Amino acid sequence: LKLNKMFNKLYFICPTDNIESIINSKLNDNNFYITSLANSITFNYDFIKELHSIIESKKISEITFVLSNDNKLINDALENKKFKNIRSLNHLNLKISSQKNFFKKKSTLSEIRLDLISYLLNQKKHELKKITDSLGLELDINAIVYNKEVNEFTKVKSKLLNLEFFNLN
């Protein structure tokens, strides 16, 4: 008899990915979700207060940021810009535009997309880690990408050069 301990996990997802059922079937825990467009959520004071309440009340042990490798909003920011007038995506679109040229050295659009998604999710992961550490919360914080073609999750690339940390004199 093998007993699997269930953990309470919180996932930050994009509603355009329609990924909740896939997470529930592949990642068998007590899963909770927070949605924001392309995981572009802003961690303001009110949100952090609410998040802290959720973590405590649901006894969350792990938080994971998830995007699909073909996220509609990331694709749009890279290509057609149909959603450029959605005000809540302005910051995300600017960030993608500023990083896109750096990643253009890659050979394919899917490689550029994966690097951009990894970059964006790593930023959110590190941003939230600073907040949870300052609140004295001991949580695992992860970031993963769902590849629809092969129906699997992979960790985001972590060894990406982040241009915001460098200053050329």
Side-chain angles (χ1 to χ4, degrees), residues 5-24 26-75 77-78 83 86-100 102-103 113-147 152-166:
K5 184 174 181 189
M6 296 289 277
F7 293 97
N8 292 344
K9 296 182 179 180
L10 179 63
Y11 292 91
F12 281 83
I13 60 172
C14 177
T16 67
D17 285 338
N18 298 311
I19 204 164
E20 296 95 323
S21 62
I22 298 163
I23 291 172
N24 287 336
K26 290 188 155 293
L27 308 172
N28 251 352
D29 285 296
N30 293 323
N31 302 321
F32 300 90
Y33 299 94
I34 292 178
T35 62
S36 70
L37 297 175
N39 265 319
S40 61
I41 195 157
T42 302
F43 297 119
N44 61 33
Y45 176 77
D46 290 331
F47 178 78
I48 294 188
K49 222 166 68 171
E50 185 67 29
L51 179 62
H52 187 262
S53 174
I54 291 168
I55 290 168
E56 295 291 318
S57 67
K58 303 295 183 193
K59 298 183 180 3
I60 301 296
S61 61
E62 183 179 307
I63 296 175
T64 303
F65 291 91
V66 185
L67 282 176
S68 172
N69 67 332
D70 68 346
N71 180 274
K72 289 177 177 77
L73 301 172
I74 303 290
N75 285 344
L78 282 171
F83 302 127
I86 299 175
R87 207 172 56 199
S88 62
L89 292 175
N90 285 348
H91 185 68
L92 175 72
N93 286 330
L94 284 172
K95 198 177 281 194
I96 288 174
S97 292
S98 72
Q99 294 296 315
K100 184 166 75 170
F102 173 71
F103 290 122
R113 191 181 308 118
L114 182 59
D115 282 354
L116 270 169
I117 288 170
S118 293
Y119 167 77
L120 295 169
L121 292 181
N122 274 323
Q123 274 197 321
K124 287 297 170 189
K125 177 180 150 179
H126 295 301
E127 195 178 332
L128 185 60
K129 183 70 176 145
K130 284 181 187 174
I131 293 166
T132 58
D133 285 352
S134 73
L135 294 172
L137 299 171
E138 290 187 30
L139 294 167
D140 288 331
I141 300 178
N142 304 298
I144 57 177
V145 177
Y146 176 67
N147 184 327
E152 69 182 28
F153 292 95
T154 56
K155 288 191 175 194
V156 295
K157 294 180 176 184
S158 61
K159 303 271 190 223
L160 294 171
L161 178 65
N162 184 341
L163 298 181
E164 293 173 17
F165 290 117
F166 293 97

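Just so we're clear, the structure is a prediction, and the values are computed from it rather than from any experiment. Both backbone and side-chain heavy atoms feed into the values below; hydrogens, waters and symmetry mates do not.
Between Lys129 and Asp133 there is a side-chain heavy-atom pair separated by less than 4.5 Å. Using a 4.5 Å cut-off on side-chain heavy atoms (C-beta onward), Leu128 and Ile63 make contact. Counting heavy atoms from C-beta outward, Phe7 and Asp140 have side chains that stay 4.5 Å or more apart. Side-chain contact between Asn122 and Lys125: present, with at least one pair of heavy atoms (C-beta onward) separated by less than 4.5 Å.
Between the side chain of Asn69 and the main chain of Leu114, no donor-acceptor pair closer than 3.5 Å is present. Asn8 places no side-chain N or O within 3.5 Å of a backbone atom of Ser61 that could act as its donor or acceptor partner. Of the possible polar contacts, none joining the Asn24 side chain to the Asn31 backbone as a donor-acceptor pair under 3.5 Å is found.
For the pair Leu139 and Glu62, the tightest heavy-atom approach, listed with the atom from each and the gap, is CD2-N, 4.2 Å. The two atoms that bring Ala38 and Cys14 nearest to each other are N-SG, 3.1 Å, heavy atoms only. What you find for Ser68 and Asp70 is that their closest heavy atoms are OG-OD1, 2.6 Å. For the pair Pro15 and Ser36, the tightest heavy-atom approach, listed with the atom from each and the gap, is CD-O, 3.5 Å. Residues Lys157 and Ser118 approach most closely at N-OG, 3.1 Å, considering heavy atoms.
The OG atom of Ser53 sits 9.5 Å away from the NZ atom of Lys58 when rounded to the nearest 0.5 Å. Note: Phe47 CZ to His52 NE2 = 13.0 Å, rounded to the nearest 0.5 Å. Atom OG1 of Thr42 is separated from atom CD of Glu127 by 7.5 Å, given to the nearest 0.5 angstrom. Between Tyr11 atom OH and Asn39 atom CG the span is 13.0 Å, to the nearest 0.5 Å.
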**OP:** Assess whether side-chain hydrogen bond (donor to acceptor under 3.5 Å, both in side chains) is satisfied between Arg113 and Asn75, documenting all intermediate values.
**Re:** CA-CA 7 Å; Arg113 191 181 308 118; Asn75 285 344; 2.4 Å; yes
**OP:** Check the pair Leu120 / Leu67 against side chain to side chain contact (heavy atoms under 4.5 Å, CB included), numbers first and verdict last.
**Re:** CA-CA 10 Å; Leu120 295 169; Leu67 282 176; 5.5 Å; no
Original post:
Could you go step by step and tell me if Ile23 and Tyr146 meet the side chain to side chain contact (heavy atoms under 4.5 Å, CB included) rule?
Top reply: CA-CA 9 Å; Ile23 291 172; Tyr146 176 67; over 6 Å; no
Original post:
Run the side chain to side chain contact (heavy atoms under 4.5 Å, CB included) check on Leu73 and Thr16 step by step: do they pass?
Top reply: CA-CA 8 Å; Leu73 301 172; Thr16 67; 4.2 Å; yes
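Each of Ile19, Asn142, Val145 was evaluated against Phe153; a single residue qualifies, Ile19, per the side-chain contact (heavy atoms from CB on, under 4.5 Å) test. Under the side-chain contact (heavy atoms from CB on, under 4.5 Å) rule, Phe65 has a single partner from Leu121, Ile117, Ile13, which is Leu121. In summary, of the residues considered (Leu10, Ile131, Ile41), a side-chain contact (heavy atoms from CB on, under 4.5 Å) with Leu51 occurs for Leu10 alone.
When the ring pair (Phe, Tyr, Trp, His ring centres under 6.0 Å) test is applied to Phe32, no partner is found at least two apart in sequence or on another chain.
A perpendicular orientation is assigned to the rings of Phe12 and Phe43, their planes being inclined by more than 60° (bins at 30° and 60°).
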